[in-house]
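Each ligand, and each atom within it, is numbered from 1 in the order the structure gives.
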Amino acid sequence: MSKIVSLSKRRGFIFQSSEIYGGVEALWDYGPLGSLLKNNIKKEWLERFVQLRDDVVLIDGAIIMNPNVWKASGHLEHFADPLVECKDCHSRYRADHMADGRFIGEGKAKEKNQCPQCGGKNFTSSKQFNLMFKTFLGPIEDETHQAYLRPETAQSMFTNFKQVQESMRLKIPFGIAQIGRSFRNEITTGNFTFRSREFDLAEIEYFVKPGEDEKIFEQWVNEWEKFIVGLGIKKENLRRYEHKKEALSHYSKRTIDIEYKFPFGWSELTGIANRTNYDLSQHSKFSGKELAYFDEETKEKYIPFVIEPSLGIDRLLLALLVDAYQEVKGGRTETTESTKEEEVVLRLNKKIAPIKVAVLPLVKNKEEITKKAKEVYQLLKPNFICQYDEVGSIGRRYRRQDEIGTPFAITIDFETLEKDDVTIRDKDTMKQERVKIKDLINILKEKLENV
Ligand code: ATP
């Protein structure tokens, strides 16, 4: 994990938030490459689940909602974790994580129920700690003006169910999708971005006829897993975990997590829940508004069941980095005698790689070559996210691009000046081919689409 953290910082993927002030726990900023990578993941998700499907539409709801939403949804009552405090050093932990031994090996914790900070075993009894961040609406900071930052995007898809269905003339089954910021005041953090206090969630609320829910639930588990594998995560690093009946969330009839084999162990990457008609029924009760669906064909009226696949984009991005990271002892180059140092190759899927094409003049000190390289760069820029780099030996520059997962490097050399062609180097195979500059855009487009 420390290698991923170091690469992320060194190469501009992820920084600690407010680092110059000593940082702030469990909050992260995405740097230039991390932001591009994150956007590409979101783009893939939107393409697959909104653009390519006829039955899912997108919304973008507000982060702060009417506080009654959270009463109705059960979050004010149930969205809490059991908290214990070490009586000796006042560190706080999740009681369930402590009891099942997750802290063993961290700091001074050698066994279950031992404080990682001081090794103490003297804890307060556990009390429920609500994970929702509080804020106030308007200038008066009292309980009646209290509001919450959403801990999931789902609720605005429920409160907008009728408006979306009617305005888009949708028939069940259909889904509402949303990607957006969510906030959880997590008690225990750590493991880099895995458990952050602010993160992006990509969720779908898929409304179905009661009775069809179990079959459609299975379909979504498969769809969701296919999407993750399609982004390049190795199948052997994924497994499914079925929640036990007694451990299900208050709204769920069935939940399956897809877990990823992170360096710190198998952990939840994403979850799919059968939320039944719980949320729509609750909102109907609390708002006094009818949220049932009327089927024009069968003349049936019912409150739909909801299947919810829910995916943390930041967690997926972390898993993708871990999965793509490869160290090659002694380097991959066999053609040069240069020092064989360890190389890092980020084997990211081309679709999500932050930089698609690097443009590299063979040498920096020949003006004709750098001028031509800059022309090629300008030619490619409107079509692909490109990076121009002329600093250091060509081998070193290839390695810099390999380390950030750039699929293709274009090199402009002496031959280019005579023949108007360049080499394209493939990061994964390291093979080079010469192509005419006039064909470059089409060839690159084809290579990038052909994943
Ligand atoms: P946990 O039990 O680990 O606290 P959870 O079961 O409460 O998690 P869900 O409510 O199922 O999590 O959240 C849906 C998805 O949101 C998760 O599968 C994960 O991808 C993401 N997620 C949840 N909490 C966080 C967080 N603190 N930081 C980053 N991503 C998160």
Side-chain angles (χ1 to χ4, degrees), residues 14 17 24-30 34 38 41-42 45 70 73-75 78-83 93-100 102-103 128-133 149-155 157 177-205 217 220-221 224-225 227-228 231 233 238-244 246-260 262 264-275 278-279 306-322:
I14 304 170
S17 171
V24 46
E25 212 188 325
L27 292 169
W28 305 93
D29 293 339
Y30 285 80
K38 199 172 187 186
I41 298 170
K42 290 182 188 174
W45 189 85
W70 308 109
S73 70
H75 280 79
H78 299 291
F79 196 65
D81 282 337
L83 170 82
Y93 303 100
R94 256 174 78 169
D96 53 333
H97 287 181
M98 175 149 277
D100 71 20
R102 284 196 218 180
F103 299 119
Q128 287 302 103
F129 172 75
N130 196 295
L131 300 184
M132 285 199 291
F133 279 100
L149 305 190
R150 65 179 177 196
E152 59 174 27
T153 66
Q155 294 307 323
M157 298 191 264
Q178 182 166 201
I179 297 189
R181 270 292 207 263
S182 305
F183 303 81
R184 296 183 187 183
N185 198 2
E186 300 281 2
I187 303 170
T188 44
T189 55
N191 291 329
F192 200 25
T193 55
F194 178 80
R195 193 177 294 286
S196 308
R197 289 192 168 128
E198 179 180 337
F199 53 95
D200 279 326
L201 260 181
E203 297 188 296
I204 295 175
E205 305 307 319
F217 176 88
W220 273 107
V221 176
W224 220 233
E225 191 175 86
F227 171 69
I228 292 164
L231 287 187
I233 299 252
L238 294 174
R239 72 176 188 192
R240 293 181 185 182
Y241 169 77
E242 170 109 34
H243 283 224
K244 302 211 169 52
E246 60 277 14
L248 288 170
S249 308
H250 61 278
Y251 51 72
S252 178
K253 170 175 164 187
R254 188 177 178 200
T255 298
I256 288 184
D257 290 344
I258 299 175
E259 298 187 329
Y260 178 73
F262 284 98
F264 46 85
W266 287 100
S267 305
E268 176 180 342
L269 175 60
T270 173
I272 300 96
N274 181 343
R275 290 182 82 129
Y278 175 84
D279 298 272
V306 175
I307 306 303
E308 177 198 70
S310 169
L311 171 68
I313 297 287
D314 307 71
R315 230 177 240 192
L316 176 59
L317 188 149
L318 179 61
L320 285 161
L321 283 179
V322 169

For this session: For atom 22 (N) of ligand 1, grab the closest protein heavy atom and report residue, atom and distance to one decimal in Å.
Result: F199 CE1, 3.6 Å
Exercise. Looking at atom 28 (N) of ligand 1, what's its closest protein heavy atom, distance included?
Worked result: S196 N, 2.9 Å
Exercise. What residues, two or more places apart in sequence or in another chain, satisfy ring pair (Phe, Tyr, Trp, His ring centres under 6.0 Å) together with Y278?
Worked result: H250
For this session: Select one of side chain, backbone, both or neither to describe which atoms of E198 lie under 4.0 Å from any atom of ligand 1, heavy atoms only.
Result: neither
Exercise. Do any nitrogen or oxygen atoms of E186 come within less than 3.5 Å of a nitrogen or oxygen of ligand 1?
Worked result: yes
Problem set entry | Donor-acceptor contact below 3.5 Å, side chain D314 vs main chain D200 | yes
Problem set entry | R254 and E242 ion-paired at < 4.0 Å | yes
For this session: Please state whether the rings of F227 and W224 are parallel, tilted or perpendicular, taking 30° and 60° as the class boundaries.
Result: tilted
Problem set entry | Under 4.0 Å to a heavy atom of T270 - the qualifying atoms of ligand 1, by number | 18 (O)
Seminar exercise, completed: G271 heavy atoms within 4.0 Å reach ligand 1 at atoms 18 (O)
For this session: Just jot down the side chain to side chain donor-acceptor pair (under 3.5 Å) partners of S310, sequence neighbours excluded, or say none.
Result: E203
Exercise. Any sub-3.5 Å donor-acceptor pair from N130's side-chain atoms to M132's backbone N or O?
Worked result: yes
Exercise. Are any of the N/O atoms in G312 less than 3.5 Å from those in ligand 1?
Worked result: yes
Exercise. What part of D314, side chain, backbone, both or neither, has a heavy atom within less than 4.0 angstrom of ligand 1?
Worked result: neither
Problem set entry | Closest protein heavy atom (residue, atom, distance) for atom 8 (O) of ligand 1 | E268 OE1, 3.9 Å
Exercise. Does the side chain of L238 reach to within under 4.5 Å of the side chain of L269, using non-hydrogen atoms?
Worked result: yes
For this session: May I ask you to list the atoms of ligand 1 that are less than 4.0 angstrom from any heavy atom of R94?
Result: 4 (O)
Seminar exercise, completed: Numbered in order shown, the ligand 1 atoms found under 4.0 Å of a heavy atom of L201 are 15 (C), 16 (O)
Exercise. Got a second to check how far F199's CZ is from L27's CG, nearest 0.5 Å?
Worked result: 11.5 Å
Exercise. Among protein heavy atoms, which sits nearest to atom 1 (P) of ligand 1, and what does the distance come to when rounded to 0.1 Å?
Worked result: R195 NH1, 3.5 Å
For this session: For a side-chain contact (heavy atoms from CB on, under 4.5 Å) with R195, tell me which candidate from E186, R184, E268 qualifies.
Result: E186
For this session: For atom 13 (O) of ligand 1, state which one of H243, E203, H97, R184 supplies the nearest heavy atom.
Result: R184
Exercise. Which residue owns the protein heavy atom closest to atom 14 (C) of ligand 1, what's the atom, and how far is it?
Worked result: S310 OG, 3.2 Å
Problem set entry | Heavy-atom donor-acceptor pair, Q178 side chain to T153 backbone, under 3.5 Å | yes
Seminar exercise, completed: Near F194 (heavy-atom distance under 4.0 Å), the atoms of ligand 1 are 26 (C), 28 (N), 29 (C), 30 (N)
Exercise. Which of these, Y260, W28, F264, sits in a ring-ring contact (aromatic ring centres under 6.0 Å, His included) with F194?
Worked result: F264
Exercise. Which ligand 1 atoms, with their elements, are less than 4.0 angstrom from a heavy-atom of L269?
Worked result: 18 (O), 19 (C), 20 (O)
Problem set entry | atom 19 (C) of ligand 1 [closest protein heavy-atom partner, distance rounded to 0.1 Å] | R315 NH1, 3.5 Å
Exercise. Taking N or O atoms only and a 3.5 Å limit, does R197 qualify as a polar contact for ligand 1?
Worked result: no
Exercise. With distance as the sole test, does S196 use its side chain to make a donor-acceptor pair with the main-chain N or O of T193 at under 3.5 Å?
Worked result: yes
Exercise. Under 4.0 angstrom from ligand 1, any heavy atom of E259?
Worked result: no
